[in-house]
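First up is the structure itself, then whatever we jot down about it.
Reminder, nothing fancy here: chain letters follow the sequence lines and each chain counts from 1.
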Protein chains: 2
Amino acid sequence: MTERKARADAARNREAVLAAADELFASGGGPRGVSMEQVAAAAGVGKGTLFRRFGDRNGLIRAVFSARSEAVRAAVESGPPPLGPGAAGRERVPAILDALLAFKLDNRHLSLALEEAGAGSPYEVEHYGWWHGVMRDALRDTAVPDAGFAAHALLAAVRADLVEHLASAEEMPGREMRERLAAYAAKVVG
Amino acid sequence: MTERKARADAARNREAVLAAADELFASGGGPRGVSMEQVAAAAGVGKGTLFRRFGDRNGLIRAVFSARSEAVRAAVESGPPPLGPGAAGRERVPAILDALLAFKLDNRHLSLALEEAGAGSPYEVEHYGWWHGVMRDALRDTAVPDAGFAAHALLAAVRADLVEHLASAEEMPGREMRERLAAYAAKVVG
DNA sequence: AACGATACGGACTGCTGGTCCGCTTTGTAA
DNA sequence: TTACAAAGCGGACCAGCAGTCCGTATCGTT
């Protein structure tokens with residue numbers, strides 16, 4: 001895409017930054033308290049490098065997030081049913097939601113950081129558009145009227161901060177959360 | 001409550017700040033670009049005053065929000081059905097959601113500011129707990145299993161940033177949004 | 001070897017939320 | 001009216017952050 005040629009040191013630094021950021025974000029009190037300067041230091045590069053490569057804070061978060069979420073995306077895009085294409089909407093919708101929730105449970109800090117966005121709403125991030133598209137298509141195959149809106153509504157139910165709230169404030173175990181979500185999703189598509 | 005005695009100038013300033021903040025938040029590009037210093041200047045008070053009265057940025061936003069949302073809260077808490085108590089869950093749930101959505105449409109900037117929170121998630125704010133409680137109670141009166149989770153899920157469908165996205169990026173008129181939400185809510189409680 | 005192109009890094013800037021404390025206003029009591 | 005403590009005020013001040021800039025170092029190509 002935008003990658004014409006990559007100089008060796010540039011590529012190396014890029015990886016170092018991604019790794020350092022991933023680790024810093026995951027550790028301690030989430031990405032909120034992690035400054036760009038810290039990331040730069042941990043990666044052993046200068047602040048300038050970091051900003052040139054990733055544009056701004058959100059760019060960095062998005063990059064780390066992309067790397068982490070590739071697997072789920074692939075599973076949904078071309079994995080076996082019911083998560084992948086091929087399954088009936090009634091089964092695929094809950095499967096997709098569950099996969100997304102499971103991912104967010106495993107990557108709470110990162111997801112939170114992405115949705116906090118900092119600059120824009122989570123809805124401006126490209127990855128949301130993708131999930132919405134997939135969800136809407138799956139919903140079209142069900143009795144739900146207005147798949148577009150329903151897709152938004154269902155995805156909203158797994159917003160990172162809600163997940164975080166349920167897990168922390170309400171002390172709900174991940175397993176239980178997934179069951180409850182599944183029941184809710186079933187009700188919606190049923 | 002915490003108000004034992006209020007000195008005349010203190011009360012005057014409090015009002016001035018609330019008014020100035022409300023106006024500043026509403027105008028221009030939302031509350032994101034409004035600094036505390038600007039609010040102080042517009043209200044004709046010093047920064048110190050502002051922070052002493054409201055604690056921090058979020059405190060100010062919460063205060064402005066509370067003032068604005070009193071009406072809806074009252075209508076839900078003790079107004080006539082179907083919004084107020086007394087109506088069957090199947091009717092009250094959509095009514096509450098619609099009222100909330102209508103309010104957010106009318107106070108987009110403010111709602112956005114509140115949910116952006118800045119410090120904590122929207123779920124830590126007391127007003128969310130209240131809405132969730134009302135919603136859960138209304139849902140208990142329907143066939144929906146797990147009213148607690150469903151309440152979270154339904155409220156998530158009217159998150160300020162989603163509303164903003166639908167209104168701006170998808171250019172969905174308020175009226176249409178409310179219809180779609182009503183249809184979705186009906187499906188959930190039906 | 002040599003020479004543009006590319007990338008580096010950290011000092012620097014501008015702005016923000018929040019604190020601090022000497023000074024002013026208010027309300028009360030004499 | 002005066003006196004005086006408590007309550008409140010304001011803006012200089014601080015620390016920390018995202019993001020910029022540009023002289024210098026590295027790369028890879030001829």
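The distance between atom CD1 of A:Ile61 and atom P of D:dG19, rounded to the nearest whole Å, is 10 Å. Rounded to a whole Å, the CD atom of A:Gln38 is 16 Å from the C1' atom of C:dG10. Computed from coordinates, the B:Arg7 CZ to C:dT24 P distance equals 14 Å when rounded to whole Å. The separation between B:Arg52 atom CZ and D:dG8 atom P is 8 Å, rounded to whole Å. Rounded to a whole Å, the CZ atom of A:Phe54 is 18 Å from the C1' atom of D:dT20. For B:Met36 and C:dT19, the CE to P distance is 10 Å, given to the nearest whole Å. Between A:Arg14 atom CZ and C:dA7 atom P there is a gap of 12 Å when expressed in whole angstrom units. The nearest whole Å value for the distance from the CG atom in A:Asp56 to the P atom in D:dG19 is 5 Å.
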- Start with the C-alpha gap between A:Arg140 and A:Asp146, add the side-chain angles, then the distance that decides, and say whether salt bridge (charged side-chain N to carboxylate O under 4.0 Å, His left out) holds. CA-CA 8 Å; A:Arg140 287 225 178 90; A:Asp146 200 348; over 6 Å; no
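Each of A:Gly44 and B:Glu37 lies near DNA chain C, and the nucleotide nearest A:Gly44 is the one positioned closer to the 5' end.
Considering only side-chain atoms of A:Asp9, the nucleotide from D:dC27, D:dA18, D:dG8 that sits closest is D:dC27. If you check D:dG11, C:dA7, D:dC9 against the side chain of B:Arg53, the one that comes closest is D:dC9. Taking every side-chain heavy atom of B:Val45 into account, D:dG10 is the closest of C:dA5, C:dC8, D:dG10. Listed nucleotides C:dA7, C:dG18, D:dG19 differ in distance to A:Phe51; the shortest reach to its side chain belongs to D:dG19.
When heavy atoms are screened at a 4.0 angstrom cut-off, B:Thr49 is found touching base atoms of the nucleic acid. Residue A:Ala8 is in sugar-phosphate contact alone, with no base atom involved, counting any heavy-atom pair closer than 4.0 Å across all strands shown.
The pair B:Arg180-B:Glu176 counts as a salt bridge, with a side-chain nitrogen and a carboxylate oxygen less than 4.0 angstrom apart.
The base of D:dA18 has none of its N or O atoms less than 3.5 Å from a complementary donor or acceptor on the side chain of A:Arg57.
At D:dG8, none of the side-chain N or O atoms of B:Arg12 fall inside 4.0 Å of OP1 or OP2 (strictly under the cut-off). OP1 or OP2 of D:dC9 sits under 4.0 Å from a side-chain N or O of B:Asn13.
Within a 6.0 Å sphere centred on CD of A:Glu126, other residues, nucleotides and ligands contribute more than 12 heavy atoms. For B:Arg90, the CZ atom is loosely surrounded, since the number of other residues' heavy atoms within 6.0 Å does not exceed 12.
Between B:Tyr184 and A:His152, the side chains place no donor N or O within less than 3.5 Å of an acceptor N or O (distance only, hydrogens not considered).
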